[in-house]
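Numbered from 1 within each chain, the chains take letters A, B, ... in sequence-line order.
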2 protein chains.
Amino acid sequence: MVSRSGRSPSVTLADVASHAQVSLATASRVINGSTRQVQPDLRDRVLASSRLLGYVVDEQAQSMARGASQTVALVVGDIADPYFSAIAAGVSAAASRLRLTVIITTTGPGGLAEHEAVAALRPKRPLAILLAASRHLDSAGEELLLEELAGYEARGGRVSFIGADTGGSAARVVRVQNRAGARELARSLIHLGYTRFSILGGPSDLATARARVDGFAEGLASGGIAASSVEIVHGPLTRDGGHAAVLELQGLNHPGACVFAVTDVMAVGAMTALISQGRMPGRDIAVAGFDDIPLLQDVRPALTTVALPLFDIGVQALELALADPSPDSSSPEADDVRGVVRLRESTPPL
Amino acid sequence: MVSRSGRSPSVTLADVASHAQVSLATASRVINGSTRQVQPDLRDRVLASSRLLGYVVDEQAQSMARGASQTVALVVGDIADPYFSAIAAGVSAAASRLRLTVIITTTGPGGLAEHEAVAALRPKRPLAILLAASRHLDSAGEELLLEELAGYEARGGRVSFIGADTGGSAARVVRVQNRAGARELARSLIHLGYTRFSILGGPSDLATARARVDGFAEGLASGGIAASSVEIVHGPLTRDGGHAAVLELQGLNHPGACVFAVTDVMAVGAMTALISQGRMPGRDIAVAGFDDIPLLQDVRPALTTVALPLFDIGVQALELALADPSPDSSSPEADDVRGVVRLRESTPPL
DNA sequence: GGACAGCGGGAAAGCGCTTACCGGCAACCG
DNA sequence: CGGTTGCCGGTAAGCGCTTTCCCGCTGTCC
């Protein structure tokens, strides 16, 4: 039984070695298993001593000596957001399969900018940085981010983006077909008979949000809906953002009215707002979202959306970042992730 | 502009020092700010060189040299679960305020056991380990967990639990009044007129789940409901677990029937299952949960539950773990976290 | 039987940083 | 004016590991 009094200094490999009466080198070889063999008797002695002393390897020292870390970093907007947490779960699962540790940083609303998050991560020397936080298009921040990433990559760090691309970085991208998905959604909605659209567009400077808005607008245009008739409201990409934004919309009384929120999280907030106003989604007004976050299973009316394999996207982001540097020709980009339109109760055929 | 070709070796402090023509010690003092002063001219030279060379400190080396890490670890069951992700958000926020990095490990269903998670974390030498994963009562695992934690604490590591306590560890606990909360909920439900109760009890070997079941049962007993009339079904603590478990229940046709799920996540799954069976919660059958996870805002009918300040619990867990070793007398335990009963549409008065 | 490869143990040189400790110098005291 | 501080650079000893050498030993092959 270990005494539970004052913090005893850690047991080091050297302690184990001397207790086992072998050299440090031998102890190291036994404990971490190098290419070199160690005689059974010595090896047993080392193992025994290690167990007896309660030795725990110091990974910091190990990665220093080896010059390679076992950590990957994930940058998300808000870990409590179902979109990000689904991705994080994928990353986490993939990482644990590869025996990697994942450190999660939140940029949060009003928190760190993405380039600050990356700057804070660099000193930890992660193997890879995965950027899931929706990047702002703000050009200054963008510039700084690219600068940080360039420095990081120049030192051998791997980077992968989720969602939109960023020109000018060697980073790999899990490219999500936001634009195409939104376009298809728009077409489907027109096909159902909707004629009057409003968009909860999220922050106007967010790449992903913009791609979805643009795609949706394209789809509408291709279906003969005049852009001028489409109302767009911008606001935070959160549940409360959706809740608030939908209340600013004007043309909801129109018979063929349909609200598209660029994110399920917003759509869900919007539906609740509408209900509390006495308009039932799927009856008095149509609502559609994007992402197909897991919680949609339990929200009613069931929300029409564009389904994204969020968990897999997380897995892919990690694998992509760690993939071998492309054998020249084929760029290390995963196949694009396509969204599939799921029509549900919130947008019944008219 | 940095060339983006092959990975250049990292710039080290030594590089900066020699470029600035000062000693390594001076460079170190300038860059990390020690107690010692450095002459303005030297300091400027160092700063300039550092910037010019694109120096990024290596925190691994730093914590090795200093003997103190800047990391805390959080162990959760599943980061995609809203309960855990809400707590994680709190931890994350508190950590970033303290300039700490948080690494998140998932025990997951069928994944690592908790003691394995801790064992995997120890080599990383985190400042603290926060255990949010609902601990299994399985005595072997419990034993192993305590052993790991004892070793970790003996070397100066801090530990805090969220939820239930574990005897025999020096760990601090964010004590959640699961039992009392459930008891009060039961009383409230009886007061509303319900007479026939079923419980979705989660895994039977889970401390938190059990405390809630027991508390609820106590409340029922104190309200004169015979324990023998209460049906309990066990199953996974997930949305699907709740969905499946509720379908096994028998006595739901009774007029005063009410289902209590030990977790909102389960309750929400159960509600969906009931609806798909044609029983509307809040009309044909009452349902109550526990936690008040954020997504309840958008689930209908609004779910009766016991509200817990999840985000704050995360914050507290971190602060508690890092709090100064108690000045002897007062144990470093935060005030208990009380749950408050929130009666909503899913349990209308009869 | 001698040259030689192969094996496995140990000494020691780092990995990138921090921090005693030392020593030169200027200021300050009686 | 000698002695004592106090400042502030630099030198070097680690922090806990890994890994390159080096070296003695066996076994092998002509």
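Across B:I129, B:L149, B:L130, a single residue satisfies side chain to side chain contact (heavy atoms under 4.5 Å, CB included) together with B:F161, and that is B:L149.
No contact: A:Q60 has no heavy atom under 4.0 Å from any strand. B:R66 comes within 4.0 angstrom of the backbone, heavy atoms only, and of no base. Contact annotation for B:L42: backbone-only contact, meaning every heavy-atom pair under 4.0 Å involves sugar-phosphate atoms and none involves a base.
Between the NZ atom of B:K124 and the P atom of D:dC17 there is a distance of 14 Å, rounded to whole Å. The interatomic distance linking A:Q70 (CD) with D:dC17 (P) rounds to 15 Å, in whole Å. Straight-line distance from the CD atom of B:Q39 to the P atom of D:dG10: 11 Å, rounded to whole Å. We find that CZ of B:R125 is positioned 7 Å from P of D:dC17, with the value rounded to whole Å. B:D58 places its CG atom 6 Å from the P atom of C:dC17, with the value rounded to the nearest Å. Straight-line distance from the CD atom of A:Q37 to the P atom of C:dG9: 9 Å, rounded to whole Å. A straight line from CG of B:L24 to P of D:dT11 spans 10 Å, rounded to a whole angstrom. The distance from atom CD1 of B:I31 to atom C1' of C:dT18 is 13 Å, rounded to the nearest whole Å.
Set against C:dC17, C:dG9, D:dT18, the side chain of A:R36 has C:dG9 as its closest nucleotide. The side chain of A:Q62 lies closest to D:dT18, out of D:dT18, D:dG10, C:dG8.
Note on A:N32: a side-chain N or O is less than 4.0 Å away from OP1 or OP2 of D:dT18. OP1 or OP2 of D:dG10 has at least one side-chain nitrogen or oxygen of B:T26 nearer than 4.0 Å. Distances shown here put every side-chain N or O of B:T12 at or beyond 4.0 Å from the OP1 or OP2 atom of C:dG16.
At a cut-off of 3.5 angstrom, counting only N and O atoms as typed in the model, there is a donor on one side and an acceptor on the other between the side-chain of B:R29 and the base of D:dG10.
In summary, the side chains of A:K124 and B:T101 do present a donor paired with an acceptor at a separation below 3.5 Å, with no hydrogens or angles considered. In the model, A:S69 has no side-chain atom that pairs as donor or acceptor with a side-chain atom of A:S63 under 3.5 Å.
Here the shortest heavy-atom pairing between B:V159 and B:A321 reads C-CB, 4.4 Å.
Positionally, the nearest nucleotide of DNA chain D for B:Q21 lies more toward the 5' end than for the other of B:Q21 and B:M64. Residues A:A25 and B:A25 each lie close to DNA chain C; by heavy-atom proximity, the contact nearer the 5' end of the strand is made by A:A25.
A 4.5 Å side-chain heavy-atom check between B:I31 and B:V46 finds at least one atom pair inside the cut-off.
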